[in-house]
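Step one of this worksheet: look at the structure below.
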Amino acid sequence: MFNIGVIGTGYVGLVTAACLADLGNKVICVDNDYKKIENLKKNIIPIYEPGLAELLKKNRLAKRISFGHSIKEATTKSEIIFICVGTPANADGGADLSAVEKVAFEIAQAIKGYKVIVGKSTVPALTGERIKQAIEIKTQGRVNFDVVSNPEFLREGQAIHDTMHPDRIVIGVESKHAEDIMCRLYKPLKSQIVVTNIQTAEIIKHACNSFLSTKISFINAIAHICEKLGADVEMVAQAMGLDKRIAKDFLNAGIGFGGYCFPKDLDAFIHLAEKHGYNFELLKSVRKINEEQKRFFIKKIEETLWNIKNKNIGVLGLSFKPNTDDIRNSIAMEIIRTLKSAGAKIKAYDPQAMAKAKAEIRGIQFCKDSYAAAKNSDCLLIMTEWAEFKKLDLAKIKKLLAQPVIIDGRNMFEPAAMKKLGFVYKCVGRC
Ligand code: UGA
């Protein structure tokens with residue numbers, strides 16, 4: 001068992017800390033957001049992530065997890081220090097690494113004996129090298145430490161499951177000692193561990209996220225052709241997915257990918273490639289298709305409603321995907337903004353994301369449930385595939401709507417069944 005410091009209490013930091021504590025380690029989490037840490041001490045969690053509050057509480061009561069403000073304390077008390085701070089996008093698409101740099105400097109000021117310093121935030125390749133260099137310069141080579149790249153692959157909404165049952169663990173190391181420590185740390189997870197050098201681990205993360213984004217844009221492009229030719233993208237994806245070389249996941253056509261990771265990571269990888277002399281045309285097309293997907297959806301609304309101005313539009317789903325309250329880079333929010341500026345009156349509902357949406361957007365009505373959003377609306381949009389939308393009483397929805405129009409950006413229902421119920425039902429890549 002190890003003493004572990006986790007710096008940064010966002011999605012990655014909190015989930016990593018909770019899971020490592022649950023495996024029996026002693027974890028101290030720090031953040032420069034004073035209020036957030038004080039709240040965490042009282043078990044007030046800043047994000048909605050299924051199971052996280054319970055896991056934090058359990059491990060806090062067992063005294064395996066604590067919260068503080070001092071990187072110095074976390075460094076002194078720990079053998080392994082995870083850097084989990086944010087890496088937002090710069091205006092040029094590259095990643096802003098100033099928070100990572102600041103943390104590296106603070107660790108350097110506090111470090112005395114040997115430590116393993118692990119990069120867990122999603123960072124451009126060669127960041128591990130920079131962290132090492134920064135600490136070496138600050139400590140003037142007097143301290144023994146290792147830098148490790150250990151990219152995370154967790155998905156919001158199922159982050160605890162993904163951390164506790166990973167498909168693989170990637171560890172980029174430069175020394176056998178650091179490799180042994182990291183392998184011992186992750187041994188209880190009984191997962192395959194891929195050990196590489198630091199740069200390879202960093203590229204693995206870039207490659208995974210951009211490949212998954214490519215899969216989504218690919219199926220969205222296919223959906224477009226399907227609509228034109230009267231084919232069914234769901235059947236195409238299903239049959240493609242049966243081929244083990246392709247695999248079925250991430251072939252759901254929709255309004256495009258959003259969230260804090262994919263759009264930002266795609267930009268960062270394109271930017272990194274460019275910086276090193278490679279024009280990553282494939283990924284630029286992935287990004288372009290994703291942009292177009294929003295416009296196609298808005299066009300579908302215009303084609304159905306004719307004029308957007310003064311139309312009442314009900315919206316189901318605000319988060320960038322189900323089981324999270326995260327609205328960062330949510331396509332739903334972008335589409336709402338476009339419709340609102342075209343003069344639509346929006347009534348929205350989301351099971352978890354309304355508090356965050358209220359803080360971001362004004363001039364729309366937030367509803368207590370899906371039925372209230374449908375009431376007197378000229379059409380109902382489905383933007384996020386929350387499980388509860390699947391269970392809607394569609395006959396009731398039809399009665400409540402001013403006209404029976406549903407435009408579904410997540411392909412939640414069968415077009416034939418919806419037509420039978422009397423809806424004008426439009427979805428993505430299916431007729
Ligand atoms: C993603 C990756 O899946 C994780 O492996 C990775 O660790 C994480 O980014 C990260 O780099 O931090 P996440 O952003 O939580 O995880 O969400 P995903 O489930 O990957 O969904 C991303 C977006 O793609 C969502 O907007 C979702 O609606 C969309 N999507 C996903 C589709 O449109 N179609 C699909 O078939 C799958």
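Note that ligands are numbered from 1 as they come in the structure, with each ligand's atoms numbered from 1 the same way. Counting begins at 1 with the first residue of the sequence.
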Near D265, which atoms of ligand 1 are under 4.0 Å from a heavy atom of that residue? 11 (O)
Across all chains, not counting sequence neighbours, the side chain to side chain contact (heavy atoms under 4.5 Å, CB included) partners of A17 are V6, V27, C29, I65
Considering only heavy atoms, which of Y260, F320, F257 lies nearest to atom 14 (O) of ligand 1? F320
Ranked by distance from atom 6 (C) of ligand 1, the top protein heavy atom is L154 O, 3.3 Å
Tell me, please, whether F2 has R184 positioned over its six-membered ring: NZ or CZ under 6.0 Å from the ring centre and within 45 degrees of its axis? no
I219 and F250: CA distance, side-chain angles, deciding distance, side-chain contact (heavy atoms from CB on, under 4.5 Å) verdict: CA-CA 9 Å; I219 201 67; F250 280 67; over 6 Å; no
Is the closest side-chain donor-acceptor distance between T16 and K120 under 3.5 Å? no
Look at atom 2 (C) of ligand 1 and find which of F153, F262, Y11 reaches it with the closest heavy atom. F262
Does the side chain of Y11 come under 3.5 Å of the side chain of E152 through a donor N or O and an acceptor N or O? no
Atom 15 (O) of ligand 1 has as its nearest protein heavy atom E156 N, 2.7 Å
Between V118, N150, I107, V147, which is the residue that forms a side chain to side chain contact (heavy atoms under 4.5 Å, CB included) with I83? I107
Identity and distance of the protein heavy atom lying nearest atom 37 (C) of ligand 1: F250 CD2, 3.5 Å
Looking at ligand 1, is there an atom of it that comes within less than 4.0 Å of some heavy atom belonging to C261? yes
Can you sort out which atoms of ligand 1 are near E152, meaning under 4.0 Å from one of its heavy atoms? 7 (O), 10 (C), 11 (O), 12 (O)
Minimum heavy-atom distance between E174 and E129, given as atom pair plus value: OE2-OE1, 4.0 Å
Provide, to 0.1 Å, the distance between atom 34 (N) of ligand 1 and the closest protein heavy atom, together with that atom's residue and name. N252 O, 3.0 Å
Would you indicate whether E303, at its atom CD, is surrounded by more than 12 heavy atoms from other residues, nucleotides or ligands within a distance under 6.0 Å? yes
If the cut-off is 4.0 Å to any non-hydrogen atom of N209, which atoms of ligand 1 fall inside it? 2 (C), 6 (C), 9 (O), 10 (C), 11 (O)
Polar-atom distance check: I216 versus ligand 1, any N or O pair below 3.5 Å? no
Counting only heavy atoms closer than 4.0 Å, does ligand 1 sit against the backbone of K321, its side chain, both, or neither? side chain
Nearest non-hydrogen partners of F413 and I382, listed with the distance: CE1-CD1, 3.6 Å
Report, as yes or no, whether the 6.0 Å neighbourhood of atom NZ on K375 holds more than 12 heavy atoms from other residues, nucleotides or ligands. no
Non-hydrogen atoms of G258 versus ligand 1: any pair closer than 4.0 Å? yes
What residue and atom, counting heavy atoms only, is the protein's closest point to atom 28 (O) of ligand 1, and at what distance? R410 NH1, 3.2 Å
Can you tell me which portion of K205 lies within the under-4.0 Å heavy-atom range of ligand 1? Options are side chain, backbone, both, or neither. side chain
Quick one: closest heavy-atom pair of V123 and L97, and the distance? CG1-CD2, 4.0 Å
Nearest protein heavy-atom contact for atom 3 (O) of ligand 1: which residue, which atom, what distance? R155 CG, 3.3 Å
Record the part of L251 in heavy-atom contact with ligand 1 below 4.0 Å; permitted values are side chain, backbone, both and neither. backbone
